[in-house]
Amino acid sequence: MQLAKHHSMIELKSASDTVTIYTFGATITSWIHHSTEILFLSKQAVLDGTKPIRGGIPIVFPQFGAGDILVSGAGTKQHGFARDKVWEVVSVEKERAVLRLKADEETKAVYPHDFELYYKVELRDNGLYTELRVVALTDLQFTTLLHTYFKVEHIGDLLVNGLKGLTYKDKLTGQQIKEDKDNISIESEVDRIYLNTSPKLSLSLGQHQIQVEKSKSLPDVVLWNPWVNKSKAMSDFGDEEYKNMICLESGCVGERMRLMRGDEWVGWQCINVQK
Ligand code: TA6
């Protein structure tokens, strides 16, 4: 991928909230709600367009992970290209922005399909709403995910709720494991894919609760914390920053979404904060 050119930032503001969006990757990098930062952005995040932003809400499209949707070969990166490209700004109002990414020669070289993506970011009374719309201009398949990094004051205070009874794939061991905890605490590296989850999940962060509501078209959730060793292995992530973040990612990753030419697909999540 070439270096991103002329990327810029958009700021949305309401009485109680401020959201910052980079046109690079259409990446939300900050959401301040009543003076509290809700999202995690690594202090070592690279913001010059030379690599995906480490934090906020990167958009994963057209493939989650190092899958086999992109044509194989050099340059096809894990998590696809959407977070690596400069998106156009379609509209910006005080509390809402819409950005667009169209297929181009670069994307067609690794993903030989024609498409348009529309990403809506909206400050609502009940939180931060983000919606991805995929317009298929040729038949295509994809997996996708909103790779949301939440800020955590103290990892020891974090509890993840709403996944009990589901079976998850543990990416660290390859095992399928049944979740038996109502409240999941993070005490080591976690990299799990939960399929067909409830549309409502929550994080207890000590000082406040975060609710994540998502569309049925995003049936899956990825839970990730790199912990000590993986933190050290990432140049754009501080060695100790695993103590201050959790990724709870709404996605369609268990099965590929298949669209025919002319079809549209929409997936959304709404994050709200409760004291
Ligand atoms: O969020 C789950 C995950 O797939 C992890 O396995 C880890 O690779 C993470 O995404 C970050 O990936 P990235 O390509 O942004 O370094």
Side-chain angles (χ1 to χ4, degrees), residues 1 4 22 24-29 39-70 74-85 110-111 130 132 142-152 155 158 160 163 166 168-177 179 184 186 188-195 197 201 203 212 214 218-239 241-256 267 269 271:
M1 298 284 170
Y22 275 64
F24 178 66
T27 311
I28 297 170
T29 54
L39 301 177
F40 167 88
L41 180 69
S42 171
K43 291 182 177 59
Q44 296 174 198
V46 174
L47 300 172
D48 64 3
T50 55
K51 68 181 295 184
I53 294 173
R54 178 68 63 197
I57 309 180
I59 298 170
V60 170
F61 179 91
Q63 78 177 16
F64 171 73
D68 55 3
I69 292 177
L70 294 181
T76 55
K77 298 180 177 174
Q78 91 151 348
H79 292 344
F81 47 68
R83 62 178 186 167
D84 239 350
K85 302 272 293 174
V110 294
Y111 182 66
T130 51
L132 181 67
F142 63 91
T143 52
T144 188
L145 169 132
L146 297 173
H147 200 296
T148 312
Y149 288 74
F150 290 98
K151 184 172 180 178
V152 174
I155 192 72
L158 169 68
V160 183
L163 295 168
L166 293 170
Y168 64 87
K169 177 182 179 182
D170 184 332
K171 285 178 65 180
L172 306 177
T173 63
Q175 288 178 302
Q176 296 286 340
I177 300 172
E179 183 55 75
I184 300 167
I186 305 296
S188 62
E189 183 181 352
V190 168
D191 196 348
R192 302 175 183 174
I193 303 174
Y194 293 82
L195 299 180
T197 75
L201 302 159
L203 297 173
V212 178
K214 57 191 177 68
L218 294 175
D220 311 321
V221 160
V222 173
L223 186 64
W224 180 58
N225 183 294
W227 214 251
V228 177
N229 295 337
K230 287 276 171 60
S231 296
K232 286 178 182 160
M234 292 185 283
S235 61
D236 59 349
F237 191 89
D239 291 357
E241 285 191 309
Y242 67 91
K243 297 174 182 171
N244 300 110
M245 55 74 67
I246 185 69
C247 279
L248 185 73
E249 310 159 23
S250 304
C252 171
V253 300
E255 291 194 11
R256 292 182 178 194
Q269 71 175 11
I271 307 168

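These numbers come from a predicted model, not from an experiment. Counting starts at 1 for both ligands and their atoms, in listed order. The residues of the chain are indexed from 1 along the displayed sequence.
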What is the nearest protein non-hydrogen atom to [atom], stated with its residue, atom name and distance?
{"atom": "atom 9 (C) of ligand 1", "value": "His147 NE2, 3.6 Å"}
{"atom": "atom 16 (O) of ligand 1", "value": "Arg54 NH2, 2.9 Å"}
{"atom": "atom 10 (O) of ligand 1", "value": "His79 NE2, 2.9 Å"}
{"atom": "atom 4 (O) of ligand 1", "value": "Lys171 NZ, 3.1 Å"}

For Asp191 and Lys169, what are the C-alpha separation, side-chain angles and deciding distance, and is it a salt bridge (Lys or Arg N to Asp or Glu O under 4.0 Å)? CA-CA 8 Å; Asp191 196 348; Lys169 177 182 179 182; over 6 Å; no

Could you check whether the rings of Trp224 and His147 sit parallel, tilted or perpendicular, using 30° and 60° as the cut-offs? perpendicular

In terms of relative ring orientation, are Phe81 and Phe61 parallel, tilted or perpendicular, with 30° and 60° separating the classes?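 It falls in the perpendicular class, over 60°.
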
I'd like to know whether CD of Glu255 has more than 12 heavy-atom contacts from other residues, nucleotides or ligands below 6.0 angstrom.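 Not buried by this count: 12 neighbours or fewer within 6.0 Å.
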
In ligand 1, which numbered atoms sit nearer than 4.0 Å to a non-hydrogen atom of [X]?
{"X": "Glu249", "result": "1 (O), 2 (C)"}
{"X": "Phe64", "result": "4 (O)"}
{"X": "Arg83", "result": "13 (P), 14 (O), 15 (O)"}
{"X": "Val222", "result": "1 (O), 2 (C)"}
{"X": "Asp191", "result": "2 (C), 5 (C), 6 (O)"}

Does a salt bridge link Lys230 with Asp239, judged by any charged N lying under 4.0 Å from a carboxylate O? no

Can you find an N or O of Gln78 that's nearer than 3.5 Å to an N or O of ligand 1?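 N/O-N/O distance under 3.5 Å: yes.
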
So which heavy atom on Ile57 is nearest to which on Leu146, and how close? CG2-CB, 4.0 Å

Does ligand 1 have an atom that lies less than 4.0 angstrom from a heavy atom of Lys230?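 In this structure, Lys230 fails to qualify as a contact of ligand 1 - no heavy atom is under 4.0 Å.
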
Drop me the distance from Asp84's CG to Ile53's CD1, to the nearest 0.5 angstrom.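 So the gap between those two atoms works out to 10.0 Å.
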
Do Gln176 and Tyr168 meet the criterion of a side-chain donor-acceptor pair at a distance under 3.5 Å? no

